[in-house]
Amino acid sequence: MRHYFLGFLFFLVAGCGADDQLYGRFDLNFGTSNICVPRTERLKFSNSTAEEVVIGGASIAPGTDPLKNFVLEGVTVGEVEIPSVAGSLSEIRVPPGADYIFTLTYTPKTAGEEHDALLDIAYQSPQMGVYQVALSGTPEGDSAGGCVNLSEGSEVSFDGEVALTVTRLVAATSKLDAPISSDDGERVFEPTDLTLILNLKEAEATLPPIAEGIFILPKPKKEVPTLGPRVKQDTMITTVAEASGQYDSAVGSITLEDVSVKMDADFNTTVVVTLTTDEVSLEALGVMPNSNALQSSFGNDHYDSVGKKIFGSRIDEEGNITLVGTTKIVDSTLDPGADGIFNGMKGTTMALLIEGKISIKVSSE
């Protein structure tokens, strides 16, 4: 693991535009790494000014790394470690004289040409502006089998009502070139807290109905193919009824059967899907979801293009979880004459992925 150092004064030298905006660029090369084997680098900065530095946010720039070869893991300010949330950081405050170190990993998912991406660091004060780090790395080895490995999970002891904080939702369909994705919204997707009931003794999992106004998917950016021009408002996601299934605390696996998911507004449809932390075959659908949409949204961590499967992730020691499932659109529940995205597209197949974190539910009392 190499260690890079930059002083904050470098930014001031890097350039200030006509509006006295801060900007600069630095290259970070991870070297060569075997397929599916992570390599970590730490990028160290120092606030050498007499003022507090405030960073509004930092993340891999959207669209620059669709396969997620690079991940921003977090930042350390002084002695304080701040993990990223779904690969993003927000409101980082650095006292005068303190160091701050970004930790990034490179896990090549495909063989062939060099991988690259951009890390954006948005400063708010003492100067506003964006600093970019150009990330690059070279894969080594064969990716024919992909990087998909069903997670072994961990033994967990969650029992009773817990919070399932959804940090990401994506869906690839057979009729749309682009995925439906919380990554592509005009605004940042807000992590959503859902209630999940885990019964340790009975080995059961229950998802109570998701009420209106809780789970909101931001409308996509205008440049997103097909969806951008047609989806003109946020989409509210609810569930029609309670769903239940299996919970295996010994390995951290969950299956929720027949979850009836309703997407309102411009999607205007309801789908019934079984969500699981394990693997799901895509061949049973008959018609495969769009392969490009699958690759860009699921990536090789959760999609095996050779075996035609998608994979979830069982609950790990920190409570992280990924649920996946497949379905066919069979019912547009609102006005059939409305201009819903899926109206007239009965039989469209869909692969769904939900990333989140399970934690003990904190009482409001």
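Between the side chain of T274 and the backbone N or O of D258 there is at least one donor-acceptor pair closer than 3.5 Å. A distance-only check finds no donor-acceptor pair linking the side chain of T327 to the backbone of V271 [under 3.5 Å]. Not a single donor-acceptor pair under 3.5 Å links the side chain of Y247 to the backbone N or O of G252. Judged purely by atom type and a 3.5 angstrom limit, S281 uses its side chain to pair as donor or acceptor with the backbone of E283. Within the 3.5 Å criterion, the main-chain N or O of V94 finds a donor-acceptor partner in the side chain of N47. With N290 contributing its side chain and A293 its backbone, the two residues share a donor-acceptor pair below 3.5 Å. With hydrogens and angles disregarded, no donor-acceptor distance shorter than 3.5 Å links the side chain of S90 to the backbone of S88.
The heavy-atom pair separating L89 from I82 by the smallest distance is CD2-O, 3.7 Å. I254 and L256 make their closest contact through CG2-CG, 4.1 Å (heavy atoms, listed as atom of the first residue, atom of the second, distance). Taking all atoms of both residues into account, the shortest heavy-atom contact from P225 to A178 is O-CB, 3.6 Å. Closest approach of A117 to D65, counting heavy atoms only: CB-CB, 3.6 Å. Contact detail for T192 and I214: the closest heavy-atom pair is CG2-O, 3.3 Å. Shortest non-hydrogen contact noted between V85 and P191 is CG1-CG, 4.4 Å.
Annotation: side chain of L169 is in contact with side chain of F215 (closest heavy-atom distance under 4.5 Å). Y303 has its side chain out of reach of L353: every pair of non-hydrogen atoms, C-beta onward, lies at least 4.5 Å apart. The closest side-chain heavy-atom distance from P126 to V53 is below 4.5 Å. Proximity of L104 to L28: side-chain heavy atoms (C-beta onward) are separated by under 4.5 Å at one or more points. Side-chain atoms of D264 and T235, non-hydrogen and from C-beta on, do get closer than 4.5 Å to each other. Between I354 and T167, the closest side-chain pair of non-hydrogen atoms is not below 4.5 Å. Residues F45 and F26 have side chains not in contact (no heavy-atom distance under 4.5 Å, counting atoms from C-beta outward). Under the 4.5 Å side-chain criterion, counting only non-hydrogen atoms from C-beta, E114 is in contact with N29.
With a 6.0 Å radius and a threshold of 12 heavy atoms from other residues, nucleotides or ligands, E79 has its CD atom at or below the threshold. Enclosure of atom CD in E81 is not indicated, since only 12 or fewer non-hydrogen atoms of other residues, nucleotides or ligands lie within 6.0 angstrom. No more than 12 heavy atoms of other residues, nucleotides or ligands shown are found within 6.0 angstrom of CD on E318.
Taken from NE2 in H115 to CG in N69, the straight-line distance is 4.5 Å, to the nearest 0.5 Å. The OG atom of S359 sits 10.5 Å away from atom CG of L196, with the distance rounded to the nearest 0.5 Å. Going from atom CZ of F30 over to atom CD of E41 covers 5.5 Å, rounded to the nearest 0.5 Å. Distance check: T269 OG1 to I329 CD1 gives 5.0 Å after rounding to the nearest 0.5 Å. Rounding to the nearest 0.5 Å gives a distance of 5.5 Å between CZ of F311 and CG of D304. Atom CE in M236 sits 11.5 Å away from atom CD1 in I210 (nearest 0.5 Å).
Residue I180 is tested with L217, V170, V231 for a side-chain contact (heavy atoms from CB on, under 4.5 Å); the sole match is L217. Between K262 and the choices T239, N268, T238, the side-chain contact (heavy atoms from CB on, under 4.5 Å) rule is met once, by T238. For the side-chain hydrogen bond (donor to acceptor under 3.5 Å, both in side chains) with R314, the qualifying choice from T277, D278, T322 is D278, the only one to do so.
Ring orientation note: the planes of F70 and Y106 are close to parallel, at an angle under 30° on the 30°/60° scale. Relative ring orientation between Y100 and Y123 is described as perpendicular, the plane-to-plane angle rising above 60° on a 0-90° scale split at 30° and 60°.
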Evaluate the side-chain contact (heavy atoms from CB on, under 4.5 Å) criterion for residues V261 and V273: first the C-alpha distance (whole Å), next the side-chain angles of each, then the deciding distance (0.1 Å), finally the verdict. CA-CA 8 Å; V261 181; V273 57; 4.1 Å; yes

Step by step, would you call T173 with T349 a side-chain contact (heavy atoms from CB on, under 4.5 Å)? CA-CA 5 Å; T173 73; T349 61; over 6 Å; no

With side-chain contact (heavy atoms from CB on, under 4.5 Å) as the criterion, how do S313 and H302 come out once you've worked through the C-alpha distance, each side chain's angles and the decisive distance to 0.1 Å? CA-CA 8 Å; S313 297; H302 296 288; 3.1 Å; yes

Test side-chain contact (heavy atoms from CB on, under 4.5 Å) on L352 and T326; report intermediate values, then the result. CA-CA 6 Å; L352 182 70; T326 60; over 6 Å; no

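Sorted by first and then second residue, the pairs that involve residues 198-225 and meet salt bridge (charged side-chain N to carboxylate O under 4.0 Å, His left out), not counting sequence neighbours, are E186-K219.
For the residue pair D116 / S136, no side-chain donor-acceptor distance below 3.5 Å is found, with atom types taken as modelled. A donor and an acceptor atom, one from each side chain of E140 and T32, are nowhere located under 3.5 Å apart.
In this structure, E257 has no salt bridge (charged side-chain N to carboxylate O under 4.0 Å, His left out) partners at least two apart in sequence or on a different chain. Applying the salt bridge (charged side-chain N to carboxylate O under 4.0 Å, His left out) rule to D184 yields no partners; only residues at least two apart in sequence or on another chain are considered.
Placement of L194 and M263 within a single hydrophobic cluster is found when ILVMFWY residues are connected by side-chain heavy-atom separations under 4.5 Å, directly or transitively. Hydrophobic clustering, with ILVMFWY side chains joined whenever heavy atoms are under 4.5 angstrom apart, keeps V287 apart from M350. With hydrophobic clusters built from ILVMFWY side chains whose heavy atoms lie under 4.5 angstrom apart, I360 shares a cluster with I321. V80 and L72 fall within the same hydrophobic cluster, where Ile, Leu, Val, Met, Phe, Trp and Tyr residues are linked whenever their side-chain heavy atoms come under 4.5 Å apart, directly or through other members. By the criterion of side-chain heavy atoms lying less than 4.5 angstrom apart, applied directly or through intervening Ile, Leu, Val, Met, Phe, Trp or Tyr residues, V272 is not grouped with V240; the two fall into different hydrophobic clusters.
Electrostatic pairing of K232 and D266 does not count as a salt bridge here, judged by no charged N lying under 4.0 Å from a carboxylate O.
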